[in-house]
Participant: 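Sharing a structure with you now.
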Amino acid sequence: MAYPSKTFTVITDSAVDADSPIDVSLMTSLRDNDVHLREWLGGDYAAESNHSHDGVNSRSISGGQILLMDRDAMTISLSFVTIDTVMLYIPADLTALAYCARTKVEFTGRADMRLKTGATDGTTVQGTPDETVYAWHGPGTIDVSALSGWQTFEVQLSHTTGSYNAYIDKAVGRMT
């Protein structure tokens, strides 16, 4: 970015009081301040009022980690079952949500996790076979490009053998 061609001038109160004339110095300062601000902000700058950072009237902030779940849950089901739900605000310009989970199994098999919203299933985060202590796995992803606004996501868990418990105690996500 080039440095602005005009310097910014602080206009004193005495230059704009009721007894002071409108002179060349005051008018030049006002003009130069406008040019300075326009060049500093950028030539294609278009002002927006009351930015809410909702992805509509300003750019969304992606990359931040989101705690999706922070509690113990389990299943012995061979198919995915919903063990928790979470509400997330999806900005209109967001394309995907990546997620990781901390899982383990009771004895043998594998604990798998995924996110689901409506009819859209995220990719499966596969645990390590026969892992009986909690460990982080992932990432999985879910396509959110067709979504915007508040959405309900299901945190789902399954066990590959159905004979023993699969556990999850934490899940985190990141908007991309």
Participant: Is it the case that atom CE in Met27 sees more than 12 heavy atoms from other parts of the structure closer than 6.0 Å?
Facilitator: no
Participant: Between Met69 and Val86, is the side-chain contact (heavy atoms from CB on, under 4.5 Å) condition met? List the steps.
Facilitator: CA-CA 8 Å; Met69 184 183 142; Val86 62; over 6 Å; no
Participant: Please report the C-alpha distance between Asp112 and Thr160 in whole Å, then the side-chain angles of each, then the deciding distance to 0.1 Å, and finally whether the side-chain contact (heavy atoms from CB on, under 4.5 Å) criterion is met.
Facilitator: CA-CA 8 Å; Asp112 293 344; Thr160 56; 3.7 Å; yes
Participant: Determine whether Thr7 and Asp32 satisfy the following criterion, side-chain contact (heavy atoms from CB on, under 4.5 Å), listing intermediate values before the conclusion.
Facilitator: CA-CA 7 Å; Thr7 59; Asp32 289 356; 5.7 Å; no
Participant: Determine, for Arg114 against Asp121, whether the closest basic-nitrogen to carboxylate-oxygen distance falls under 4.0 angstrom.
Facilitator: yes
Participant: Is the shortest side-chain heavy-atom distance between Thr12 and Val10 below 4.5 Å?
Facilitator: no
Participant: Can you find a pair of side-chain heavy atoms, one from Gln151 and one from Val144, that are under 4.5 Å apart?
Facilitator: no
Participant: Is any side-chain heavy atom of Leu97 less than 4.5 Å from a side-chain heavy atom of Thr176?
Facilitator: no
Participant: Grouping I, L, V, M, F, W and Y whenever their side-chain heavy atoms are under 4.5 Å apart, do Phe8 and Val16 come out in a common cluster?
Facilitator: no
Participant: Please tell me if the side chains of Thr124 and Phe80 come closer than 4.5 Å, counting only heavy atoms from C-beta onward.
Facilitator: yes
Participant: What distance do Ser158 atom OG and Gln126 atom CD have between them, rounded to the nearest 0.5 Å?
Facilitator: 9.0 Å
Participant: Hydrophobic cluster membership, with links at side-chain heavy-atom distances under 4.5 Å among I/L/V/M/F/W/Y: are Met74 and Val81 in one?
Facilitator: no
Participant: State, yes or no, whether a side-chain contact exists between Leu115 and Thr120 at a heavy-atom distance under 4.5 Å.
Facilitator: no
Participant: Can you give me the closest heavy-atom contact between Ala15 and Leu26, atom names plus distance?
Facilitator: O-CD2, 3.9 Å
Participant: If we ignore hydrogens and angles and just use 3.5 Å, is the side chain of Asn33 paired with the main-chain N or O of Thr9 as donor and acceptor?
Facilitator: yes
Participant: Between Thr108 and Asp130, is any side-chain donor less than 3.5 angstrom from a side-chain acceptor?
Facilitator: yes
Participant: Nearest heavy-atom pair of Gly127 and Arg110: which atoms, and what distance?
Facilitator: O-CD, 2.7 Å
Participant: What are the two closest non-hydrogen atoms of Ala73 and Ile83, and how far apart are they?
Facilitator: CB-CD1, 3.7 Å
Participant: Taking all non-hydrogen atoms of both residues, which atom of His159 and which atom of Gly109 are closest, and how far apart?
Facilitator: CE1-CA, 3.9 Å
Participant: Side chains of Tyr167 and Asp169: is there a donor and an acceptor less than 3.5 Å apart?
Facilitator: no
Participant: Can you tell me how far apart CD1 (Ile142) and CD1 (Ile90) are? Round to the nearest 0.5 Å.
Facilitator: 9.0 Å
Participant: I need the minimum non-hydrogen distance between Phe153 and Leu147, along with the two atoms involved.
Facilitator: CZ-CD1, 4.4 Å
Participant: Answer whether the closest heavy-atom distance between the side chains of Thr152 and Thr117 falls below 4.5 Å.
Facilitator: no
Participant: Could you tell me which residues satisfy side-chain hydrogen bond (donor to acceptor under 3.5 Å, both in side chains) with Thr28, sequence neighbours excluded, listed by chain and number?
Facilitator: none
Participant: With the side chain counted from C-beta on, respond yes when Pro91 and Met175 share a heavy-atom pair under 4.5 Å apart, and no when they do not.
Facilitator: yes
Participant: Determine whether Phe107 and Ile76 fall in the same hydrophobic cluster, where Ile, Leu, Val, Met, Phe, Trp and Tyr are linked whenever their side-chain heavy atoms lie under 4.5 Å apart.
Facilitator: no
Participant: Going by side-chain contact (heavy atoms from CB on, under 4.5 Å), name the residues that satisfy it together with Glu154, two or more places apart in sequence or in a different chain.
Facilitator: Thr82, Thr85, Lys116, Gln156
Participant: Test of understanding: clusters of I, L, V, M, F, W, Y form through side-chain heavy atoms closer than 4.5 Å, transitively. Do Ile11 and Val35 belong to the same one?
Facilitator: no
Participant: Is any side-chain heavy atom of Val125 closer than 4.5 Å to one of Trp136?
Facilitator: no
Participant: Side chains of Ser25 and Asp23: any donor to acceptor distance under 3.5 Å?
Facilitator: no
Participant: Taking atom types as modelled and ignoring hydrogens, do the side chains of Ser20 and Asp17 form a donor-acceptor contact shorter than 3.5 angstrom?
Facilitator: yes
Participant: Excluding sequence neighbours, so at least two apart, what forms side-chain contact (heavy atoms from CB on, under 4.5 Å) with Thr128?
Facilitator: Glu131, His137
Participant: Just checking, any donor-acceptor pair under 3.5 angstrom between side chains of Thr75 and Ser77?
Facilitator: no
Participant: What heavy-atom pair brings Leu157 and Ala166 nearest, and what distance separates the two atoms?
Facilitator: CD2-O, 3.4 Å
Participant: Check the pair Val105, Tyr164 against side-chain contact (heavy atoms from CB on, under 4.5 Å), reporting the backbone distance first and the verdict last.
Facilitator: CA-CA 7 Å; Val105 293; Tyr164 299 95; 6.0 Å; no
Participant: Using 30° and 60° as the class limits, which term best fits the ring planes of Tyr89 and Trp150: parallel, tilted or perpendicular?
Facilitator: perpendicular
Participant: Hey, which of Thr103, Asp70, Asp72 is the one that makes side chain to side chain donor-acceptor pair (under 3.5 Å) with Lys170?
Facilitator: Asp70
Participant: Give a yes or no on whether Ile22 atom CD1 has more than 12 heavy-atom contacts from other residues, nucleotides or ligands under 6.0 Å away.
Facilitator: no
